[in-house]
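This report concerns only the one structure given below.
Counting starts at 1 for both ligands and their atoms, in listed order. What's counted below: heavy atoms across the whole structure, side chains too, no hydrogens, waters or symmetry copies.
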Amino acid sequence: MTTPALLPLSGRRIPTLSPGASSFPHHRATLRLSEKFILLLILSAFITLCFGAFFFLPDNSKHKRFDLGLEDLFHSRPIIKLICKAYLIPSSCREEEESLRDKIRADHERALQEAKEKLRKSREELKAEIQTEKNKVMEDLKKKDVGPKPLPPVPMPKVVGVSDGEPPEPDVKEKRDKIREMMKHAWDSYRQYGWGHNELKPIAKKGHSTNIFGNSQLGATIVDAVDTLYIMGLHEEFKDGQEWIEQNLDFSVNAEVSVFEVNIRFIGGLLAAYYLSGQEVFKLKAVQLAEKLLPAFNTPTGIPWAMVNLKSGVGRNWGWASAGSSILAEFGTLHMEFVHLTYLTGNPAYYQKVMHIRKLLAKMDRPNGLYPNYLNPRTGRWGQHHTSVGGLGDSFYEYLLKAWLMSDKTDTEARKTYDDAIEAIERHLVRKSNGGLTFIGEWKNGHLERKMGHLACFAGGMFALGADGSPDDKAGHYLQLGAEIAHTCHESYDRTVLKLGPEAFKFDSGLEAVAVRQNEKYYILRPEVIETYWYMWRFTHDPKYRQWGWEAVQAIDKYCRVSGGFSGVKDVYSSNPTYDDVQQSFFLAETLKYLYLLFSSDDLLPLENWVFNTEAHPLPVLHLGNITLPGSEPAQR
Ligand code: DMJ
């Protein structure tokens with residue numbers, strides 16, 4: 001049997017059985033009757049629904065989501081529209097269509113009006129309108145941007161001695177002016193030929209960089225030099241540098257940088273510029289960069305990688321380092337800057353990272369009490385047993401002493417670690433040559449190499465700086481040791497043709513403070529010898545230190561100065577040297593700064609109030625006796 005196909009109720013056709021569908025007429029009649037009854041019921045239910053919807057459902061047109069005329073078409077009173085279409089109820093449909101048409105007409109008129117107004121406006125007015133819109137969007141974006149959070153206010157450490165430091169003696173003042181002029185020549189040349197690049201090639205007169213800064217233009221010379229400009233009173237140049245930093249220094253770059261170099265040059269430079277000038281931008285940039293360095297500490301031991309990619313945070317070590325090790329002078333030269341970062345931001349992470357390194361080192365066995373230069377960050381074991389106060393080791397010892405000084409001498413743990421380390425160094429590494437010159441050799445697998453690097457010459461200043469406070473009343477002894485190192489290093493300069501010191505010099509087979517190998521005869525504008533002269537001057541006021549400093553000024557000006565800045569030289573024993581064509585950023589940060597201070601009065605940056613980081617960036621002493629750093633124990637006196 002074929003069941004009757006109930007067509008949708010269109011109102012046009014009452015369903016019927018197809019002819020010949022059934023041969024029983026009575027049955028057919030019964031079916032028709034009940035069908036009609038059901039249809040009637042459905043129809044009345046729909047009519048009731050229709051009225052209910054009309055009077056009681058909310059009007060969607062009052063809750064617009066789009067301002068398009070089509071909105072009502074699809075969203076307002078949908079049930080009426082459906083009924084309208086399905087049942088062809090003429091009056092409701094007409095009303096609905098009418099109101100729709102009115103709405104569309106009104107919208108069109110409004111759009112037309114707006115278009116006419118726009119056409120009446122001049123090109124300039126339209127441009128201005130677009131610009132206002134753009135600015136608004138940019139402002140909104142900036143608000144949403146996750147820029148640096150404002151830092152909590154902290155008591156500003158006592159910033160004293162940011163004075164002119166003009167020396168009373170006219171001849172000293174004249175020398176100081178000459179050094180200032182050299183700084184201006186170095187800066188102006190970089191400004192002209194290398195602006196924004198990391199360093200300058202003063203002969204080629206273009207930008208230069210090395211792998212320590214990654215492949216990015218981070219303006220290393222600007223960041224390294226701004227505090228020197230400030231100290232020398234070169235205000236216009238300082239402002240220029242500050243502006244560049246404000247507008248261009250961006251650390252969200254895909255660059256793999258040296259954690260150590262970026263810390264001492266950039267974070268140190270920015271923090272010093274902040275403390276000296278009070279300009280917030282320097283502090284904010286320092287903190288932005290520091291955050292980017294933190295992933296370098298994600299190693300199994302917490303000893304950081306040597307390099308980190310600023311964008312990805314992926315770290316690794318130098319390929320040349322013994323057994324995949326990190327370097328003592330690199331992971332051991334973070335303390336000063338990181339303590340300041342915690343102090344300024346209230347974020348304990350920085351302090352905890354460097355204290356963790358200190359604790360880990362304290363637990364380790366040390367061959368002969370010496371710290372090897374290599375430590376594997378995965379295993380926590382020493383690499384090759386090579387100890388040096390020059391390259392690879394140097395500033396680790398410096399920062400132990402300076403951590404103590406910087407804490408207003410409350411960090412006694414740092415002082416004790418320094419004293420123990422220096423004692424072992426003196427016993428195993430410090431020797432007197434046959435000619436009576438005191439030198440610091442290098443310890444290589446149980447054997448002393450009688451060679452001293454230019455870098456190790458900084459230790460003269462360190463010994464003098466650490467004299468006060470040394471155990472067993474050995475202050476006089478350490479001041480004397482500092483003086484002897486200063487003398488030896490001066491000899492290494494004096495025994496050359498150019499009166500500039502070689503990179504490394506020997507005390508062997510009749511040799512006294514002279515370089516032997518060709519690849520150790522270069523001078524790359526390094527500061528360490530002058531740094532020691534300055535500390536010795538501050539502690540003794542012996543005029544020979546100014547005299548030695550002046551010799552260096554004259555030699556640098558004569559042999560390293562070129563029309564495009566200052567360049568290193570490849571052989572200090574040759575009267576006709578070739579240039580290396582690099583103006584190192586530390587020449588402006590350190591060499592010229594120490595020279596300037598050497599010819600200034602002592603009230604400029606007094607050592608009771610300032611501690612210089614290893615790149616000569618002065619940071620104020622933090623009087624931690626009254627302050628507890630977040631994440632630290634209360635300081636003990
Ligand atoms: C500087 O970057 C720092 O002084 C560092 O501690 C060692 N080397 C250079 C300058 O020679």
Could you list each N/O atom of ligand 1 together with any protein N/O atom closer than 3.5 Å, one pair per line with the distance?
{"residue": "ligand 1", "atom": "2 (O)", "partner": "E615", "partner atom": "OE1", "Å": "2.5"}
{"residue": "ligand 1", "atom": "4 (O)", "partner": "E590", "partner atom": "OE1", "Å": "3.3"}
{"residue": "ligand 1", "atom": "4 (O)", "partner": "E590", "partner atom": "OE2", "Å": "2.9"}
{"residue": "ligand 1", "atom": "4 (O)", "partner": "T614", "partner atom": "O", "Å": "2.8"}
{"residue": "ligand 1", "atom": "6 (O)", "partner": "T614", "partner atom": "OG1", "Å": "2.8"}
{"residue": "ligand 1", "atom": "11 (O)", "partner": "R526", "partner atom": "NH1", "Å": "2.6"}
{"residue": "ligand 1", "atom": "11 (O)", "partner": "E528", "partner atom": "OE2", "Å": "2.6"}

Plane angle bin for Y594 and F612 - parallel if under 30°, tilted between 30 and 60°, otherwise perpendicular: tilted

Results of salt bridge (Lys or Arg N to Asp or Glu O under 4.0 Å) for K402 - residues two or more places apart only: E398

With sequence neighbours excluded, residues passing salt bridge (Lys or Arg N to Asp or Glu O under 4.0 Å) with K206: none

Atom of A589, atom of A616 and distance for their closest heavy-atom approach: O-CB, 3.6 Å

Taking every non-hydrogen atom, the tightest pair across Q583 and L525: CA-CD1, 4.2 Å

Listed partners of P606 passing side-chain contact (heavy atoms from CB on, under 4.5 Å), at least two apart: V160, E608, N609, W610

